[in-house]
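Have a look at the structure below before the remarks.
Predicted, not measured: the structure shown is a model, and the values here were computed from it. In what follows, every chain begins at residue 1, and chains take the letters A, B, ... in the order their sequences are listed.
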There are 2 protein chains.
Amino acid sequence: MTKQLRDHIERVVPLSDTEFEMISSFFSLKRYKKHQFLIQDGEPVPCNFFVLKGLLKLVYTNDAGKEHIVGFAQEDWWETDFAAYYTESKATMSLECIEDTEVLCLRLIDYKKMCAAVPKLEHFFLEKAYQGFISAQQRIISTMTVGIKERYEQLLKKYPTLVQRVPKSLLAAYLGVSREALSRLPQ
Amino acid sequence: MTKQLRDHIERVVPLSDTEFEMISSFFSLKRYKKHQFLIQDGEPVPCNFFVLKGLLKLVYTNDAGKEHIVGFAQEDWWETDFAAYYTESKATMSLECIEDTEVLCLRLIDYKKMCAAVPKLEHFFLEKAYQGFISAQQRIISTMTVGIKERYEQLLKKYPTLVQRVPKSLLAAYLGVSREALSRLPQ
DNA sequence: ATTATCGAGTGACAAAAGTCACATCACTGC
DNA sequence: GCAGTGATGTGACTTTTGTCACTCGATAAT
């Protein structure tokens, strides 16, 4: 069951059986249906979520009520409103299922206990944080430097499987353009 | 001299005198003049830089030769082409002085040795990485959800001192718009 | 089976921003 | 002092993108 999580962590830091037993005791499994919310804008953020199966969207809704996709999360990805999670404040985004989804939930208290119990996990999360930072910075650069068509092509190249699971209207909301603009791309 | 670095680190993790002595032995002080490059696009990235005094710009230049500002760095900020630094590959960006600048340089090998010698530093860098990720994500949201005027106002509010030290043409290149568009904002 | 709903494409028009050209002002270096 | 450079603002025009309205086809719900 949680072999998936163990494999995921061990791609960065090796674990003994007892270490992983300890780790897995801090997570809880939850199942959500399509259209259900894991995080509601304006409410506390209960967990950081590790996706076992399914697909999520992290959505920021502006004052005008327009939805912008901050990120997607498919199998083996972590997702949450990280700023709110880590500072224990209210969510500014929502996290919603695009498909029926199974996640492992990690509360902030348990994250801290877990890192205290197995210190090498801080190294794992450091690697994840570096990856997240690099990805975010590359997305900023992509937005600034290339047109819609190339951004869409970069997305196709980087996440080919994800693109096929997500409607184009949501991809447009992720790329920061209207669905019409994305629809009008040559080819 | 390096009290500045110690204070900076101790805002996250407390250090003994011997720990800090160890830490400071891994850094080297360098001075650069306005217009000098700390990182050249296409070359290896020697260091992660901690700014003691001065002001830097991290620049991505696209195929058309247009410059885009990925970030600025003033006193007590860390800056480098992180993706290239951490993976020991060639830089895709340049890091250049906007003012005469003093930095503490940390090579990747020394970063690793230092973290091995003083493990709690991984926690410090984890905090920095989380901050960097959150900032980058908020910048993405800002770009997607609000117009130029509000982005500029958010920048003013978040980094009031920095804005005064940087020409508006560079701020425009940071915000992702032409300098004319920024210049034409009402008020 | 027949309504709804959703995803997707398209035309017409408006709004926003980019590009190019030019003018001004402050500062630097000789 | 004076020429050169860089920062800034502005007008004119073009290009891109957003918005609104409509259509079509596939899928889901009853």
Value in whole Å for how far the P atom of D/dT15 lies from CD1 of A/Ile148: 17 Å
Rounded distance (Å) that lies between atom P of D/dT8 and atom CG of B/Leu171: 8 Å
Any Lys/Arg nitrogen of A/Glu102 or A/Lys53 sitting under 4.0 Å from an Asp/Glu carboxylate oxygen of the other? no
Donor-acceptor list for residues 6-13 of chain A side chains, cut-off 3.5 Å, not counting sequence neighbours:
from, atom 1, to, atom 2, distance (Å)
A/Arg6, NH1, A/Asp17, OD1, 3.0
A/Arg6, NH2, A/Leu15, O, 3.1
A/Arg6, NH2, A/Asp17, OD1, 3.0
A/Asp7, OD2, A/Lys3, NZ, 2.8
A/His8, NE2, A/Trp78, NE1, 2.9
A/Glu10, OE2, A/Leu15, N, 2.6

Check the orientation of B/Tyr86 and B/Phe82. Use parallel for under 30°, tilted for 30 to 60°, and perpendicular for over 60°. parallel
Does any part of the side chain of A/Tyr174, heavy atoms only, come nearer than 4.5 Å to the side chain of A/Arg139, both counted from C-beta? yes
In whole angstrom, give the distance that lies between atom CD of B/Glu99 and atom C1' of D/dG6. 16 Å
A/Glu96 versus A/His35, side-chain donor and acceptor atoms under 3.5 Å: no
So, B/Lys33 and B/Asp100, do they make that salt bridge, N to O below 4.0 Å? yes
With five pairs defining each end axis, the helix from C/dA1-D/dT30 to C/dC30-D/dG1 comes out bent, to 10°, by 40°
Looking at A/Arg165 and A/Glu75, does any basic side-chain N land under 4.0 Å from a carboxylate oxygen? yes
Can you tell me the distance, in whole Å, between the NZ atom of A/Lys34 and the C1' atom of D/dA28? 10 Å
Any donor-acceptor pair under 3.5 Å linking the side-chain atoms of B/Gln40 with those of B/Ser94? no
Taking 4.0 Å as the cut-off, does a side-chain nitrogen or oxygen of A/Lys66 come that near to OP1 or OP2 on D/dT19? yes
Rounded distance in Å - NE2 (A/His35) to P (D/dA29): 10 Å
Using a 4.0 Å heavy-atom cut-off to protein, can you give one letter per nucleotide of nucleotides 5-15 of chain C, 5' to 3': B if the base is in contact, S if only the sugar-phosphate is, - if neither? --SBBBBB---
For the pair made of CD in B/Gln164 and P in D/dA7, what is the distance, rounded to whole Å? 17 Å
